[in-house]
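See below for the structure under consideration.
Quick note: numbers below take in every heavy atom, side chains included, and nothing from hydrogens, waters or symmetry partners. Each chain gets a letter, A, B and so on, in the order its sequence line appears, and its residues count up from 1.
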Number of protein chains: 2
Amino acid sequence: MVQIPNTPAPTPSSAPRSVPTSADVARLAGVSRATVSYVLNNTSAVRISEPTRRRVHQAAKELGYVPHAAARTLRAGHSRMVLMPAPPVPAGPLYSQFVHDFQGALSRLDYIVVQYGASGLHGDDAARAWAELRPVAVLVPGPGLGPEGVAVLKRSGARAVVTLSSEPVEGAHALLLDHAGVGRSAAGHLVARGRRRIGVVVPVEPGLKMFSVPRLAGARQAVQGTDATITELPLAYTEESAAALAARWPGLGLDAVFAYNDEYAMLLMRALQDEGVRIPEDAAVIGADDLMLGRLLRPRLSTVRIALPSGRDLAGLVDRAVRNPGAQPESHEMFEATVVHRDST
Amino acid sequence: MVQIPNTPAPTPSSAPRSVPTSADVARLAGVSRATVSYVLNNTSAVRISEPTRRRVHQAAKELGYVPHAAARTLRAGHSRMVLMPAPPVPAGPLYSQFVHDFQGALSRLDYIVVQYGASGLHGDDAARAWAELRPVAVLVPGPGLGPEGVAVLKRSGARAVVTLSSEPVEGAHALLLDHAGVGRSAAGHLVARGRRRIGVVVPVEPGLKMFSVPRLAGARQAVQGTDATITELPLAYTEESAAALAARWPGLGLDAVFAYNDEYAMLLMRALQDEGVRIPEDAAVIGADDLMLGRLLRPRLSTVRIALPSGRDLAGLVDRAVRNPGAQPESHEMFEATVVHRDST
DNA sequence: TTGAAAGCGGTACCAA
DNA sequence: TTGGTACCGCTTTCAA
């Protein structure tokens, strides 16, 4: 790891000349602040003569004037900021792609998307911190926001609150991610393929509990009324952890595993193969999320595909909600989990 | 893909009662706005009686009062916001991890980290958009910011501008990512292993040019003065593209490939193996970034490891720069690329 | 211990 | 066509 050397306090700061305001521009152009505002905002209700416009623009450029967003927001009473709290774990490929699309789509609708990283706050405290920014809409990934938090956000001016989670929250639009359905599909598939002693990987990484718990619960549902059993398998995302699990595999007496997602599945499948366990003969392995990498291993990894909302669709939902804040919160099932059967099961 | 149905404008909005301000709290508590501010900020320069404090807190809670960050910023003349423009491509695992750590570390130093997604703006226009938010510091990933943009940001109050790129920018702190060094190491390794006809994968995805171009250039440097040759290989991140490249592999007459990074390397290696090309006998393959997945394939993937700055170190740099804005901009080489030799070369 | 008031930087109404 | 000015919500002297 590269260390950045700790530079001891260097030469004292030369006082940076203070930042130019619209008053400075007005002074330099020899006009009023009002005129500056009209010119720079192209206010259509007011005609400003061409020479004046030129002088204002010239003065603004000369000073390097940049308007102060906070001042404008304060005066306007609203902003176009859509706030997305950053998730508590580093984003996976699926989520990164989604955020990227969502940002692009909202930008095109002339919103500003901001991912806000405020670790250390929880539940309603977090909601209060978000509310301080007075966003016009908030998109909350994962659980942790309660009805109280939604109320705080709405009271402070948010015209749309959208949750991206397994459970709807009172007062908020909900994009329901059916993680239990993923577990149900995966385990159901394994049972249908004749497997009976099914392991379910549960990542030990703390931020993943919100996904892994419902996936495990779904798997349990799938074996209800069959003679199949579910065994919980804690696993860290390291080769060591996978090797340790693989080493005690024979003693576990399992014939299949639902590995939380494709990444954990790959990790475990490799460790099992290195232990001489044959996939799928000795043990069927299924992942989830249908990542590219699952198609690159041999055998190809069976998986459960889930469809996140497209960034475009979601941006549309947010936009509609913002324009119509009185509307009933909508709930949308964001996907039906579907099994992609390849060679590992 | 799940479609979100387009709800036609539903019931008209019930006017949401306007958001409570500190004046409302003052009125309800029967005190002045000043007192409210003192109480809620625990101002140490002023003693407020316990009964008054209680009344203020009670009133604030009752109204669900949340302070207005923009107003505070405006009055204070500065904020603690560190701005990170979102990169133009979906974040990879390395970058996601880095951002996560960086956010956490800065949060602990009491900064607010904001990732700002403003696609569609370029160069100095983008810098102006960032400057409107009056961040106390800006961390810019990738190129695209010029000296002019740095000046705009500083003029509008940014006390630290840090670039994370291959080239330093006048006036800004620089974390130098030696992508050319990655290419040099990779190609140098292949040459040292006796390979002579070296392909270099160049992703066709547009946002990746900023990395792929210097990596390719580095590879070219490495074969200077040897009898080895470099062949550019465009590749999209799809199985089809990889299969197509693999199909014409024999005609290419290559004996090694540096595949841009581990993900492209995996993709290509698999396609080559499916075509009957033996790795590493017929073709050596090396990736970059040392991702976990490279250790899961067989043969294990050789790679070039690069050390991104740790989030903690970088947060420290930003903090120091903010506290000492007069200091000379520092440049740090963020890593020396090192080859991790495994089984694919 | 508390309150009155100025002012941060824009915007938009009303006059001129 | 342009200027004067009130005001957005909050902090912070200065007085009482």
Side-chain angles (χ1 to χ4, degrees), chain A residues 18-57 59-60 63-80 128 131-136 155-157, chain B residues 18-57 59-60 63-80 128 131-136 155-157:
Chain A
S18 65
V19 328
T21 72
S22 79
D24 296 320
V25 176
R27 204 160 16 245
L28 181 58
V31 299
S32 74
R33 289 172 17 169
T35 303
V36 171
S37 176
Y38 294 144
V39 171
L40 297 184
N41 294 310
N42 266 314
T43 309
S44 54
V46 170
R47 296 294 124 198
I48 302 287
S49 69
E50 203 46 48
T52 305
R53 304 183 85 83
R54 224 177 294 285
R55 290 222 310 290
V56 169
H57 278 125
L63 294 175
Y65 170 72
V66 175
H68 193 308
R72 179 190 287 132
T73 292
L74 183 58
R75 170 65 225 220
H78 62 261
S79 74
R80 306 258 315 153
R128 236 180 313 276
E132 292 197 1
L133 299 181
R134 298 289 191 274
V136 68
R155 241 197 325 263
S156 54
Chain B
S18 67
V19 328
T21 72
S22 78
D24 296 320
V25 176
R27 203 159 17 245
L28 181 57
V31 299
S32 74
R33 292 162 57 211
T35 304
V36 170
S37 177
Y38 293 144
V39 171
L40 296 184
N41 294 310
N42 266 314
T43 307
S44 53
V46 171
R47 297 293 126 197
I48 302 286
S49 70
E50 202 45 46
T52 304
R53 304 184 87 82
R54 225 179 294 285
R55 289 220 313 288
V56 169
H57 277 124
L63 293 175
Y65 170 70
V66 175
H68 193 307
R72 196 213 303 289
T73 292
L74 185 56
R75 170 65 223 227
H78 58 84
S79 73
R80 302 224 6 121
R128 235 179 315 275
E132 293 197 0
L133 299 182
R134 298 291 192 273
V136 69
R155 244 199 321 265
S156 55

task: Take the protein atom NE2 of B:His78 and the nucleotide atom P of D:dT11, then report the distance between them rounded to whole Å.
output: 12 Å
- prompt: How long is the line joining CG of B:Asn42 and P of D:dC10, in whole Å?
  reply: 17 Å
- request: Figure out the OH/C1' separation between B:Tyr65 and D:dT11, and round it to whole Å.
  value: 10 Å
message: Just N and O in the side chain of A:Ser22: are any of them under 4.0 Å from OP1 or OP2 of C:dG9?
response: no
task: Spell out, as yes or no, whether a donor-acceptor pair under 3.5 Å connects the side chain of A:Arg55 to the backbone of A:Ala29.
output: yes
message: Need one value for B:Thr52: base, sugar-phosphate or nothing, where a base atom within 4.0 Å counts as base even if backbone is also close, heavy atoms only.
response: sugar-phosphate
Under 3.5 Å donor-acceptor pair, A:Arg33 side-chain atoms to C:dG10 base atoms: yes
query: Side chain of B:Arg75, base of D:dT12: donor and acceptor closer than 3.5 Å?
result: no
query: Got a donor-acceptor contact below 3.5 angstrom from the B:Arg134 side chain to the A:Pro67 backbone?
result: yes
message: Just the rounded figure in Å: distance from C1' of D:dT12 to CG of B:Leu40.
response: 15 Å
field: Heavy-atom closest contact (A:Gly64 atom, A:Pro20 atom, distance)
entry: O-CG, 4.0 Å
- prompt: Across the strands shown, which category fits A:Val46 at heavy-atom distances under 4.0 angstrom: base, sugar-phosphate, nothing?
  reply: base
field: A:Ser37 side chain near C:dG10 phosphate (N/O to OP1/OP2, under 4.0 Å)
entry: no
message: In this structure, how many angstroms lie between the C1' atom of D:dC10 and the CG atom of B:Asp24, rounded?
response: 13 Å
query: Does a nitrogen or oxygen in the side chain of A:Ser32 sit under 4.0 Å from OP1 or OP2 of D:dG3?
result: yes
query: Checking only heavy atoms, does the side chain of B:Tyr38 share a donor-acceptor pair with the base of D:dC10 at less than 3.5 Å?
result: no
query: Looking for any heavy atom pair under 4.0 Å, which part of the strands does B:Arg72 touch: base, sugar-phosphate only, or nothing?
result: sugar-phosphate
task: Write down the distance between CG (B:Leu63) and P (D:dC10), rounded to a whole number of angstrom.
output: 12 Å
message: At 4.0 Å (heavy atoms only), tell me whether A:Ser49 reaches a base, stays on the sugar-phosphate, or touches nothing.
response: sugar-phosphate
task: Identify whether any heavy atom of A:Val56 sits under 4.0 Å from a base atom; if not, whether one sits that close to sugar-phosphate; answer base, sugar-phosphate or nothing.
output: nothing
task: To the nearest Å, give me how far apart CZ (A:Arg55) and C1' (D:dG3) are.
output: 13 Å
query: From B:Arg53 CZ over to B:Thr35 OG1, what is the distance, rounded to the nearest 0.5 angstrom?
result: 10.5 Å
query: Okay, side chain of B:Thr43, backbone of B:Ala45: is any donor-acceptor separation there less than 3.5 Å?
result: no
Member of A:Val31, A:Ile48, A:Leu28 meeting the side-chain contact (heavy atoms from CB on, under 4.5 Å) criterion with A:Val56: A:Val31
task: Could you check A:Ala70 against A:Ala34 and say which one's nearest nucleotide on DNA chain C is further toward the 5' end?
output: A:Ala70
- prompt: When the nearest nucleotide of DNA chain C is assigned to B:Arg47 and to B:Arg134 on a heavy-atom basis, which residue is associated with the more 5' position?
  reply: B:Arg47
query: Quick one: A:Glu132 CD to D:dT11 C1', roughly how many Å, whole number?
result: 14 Å
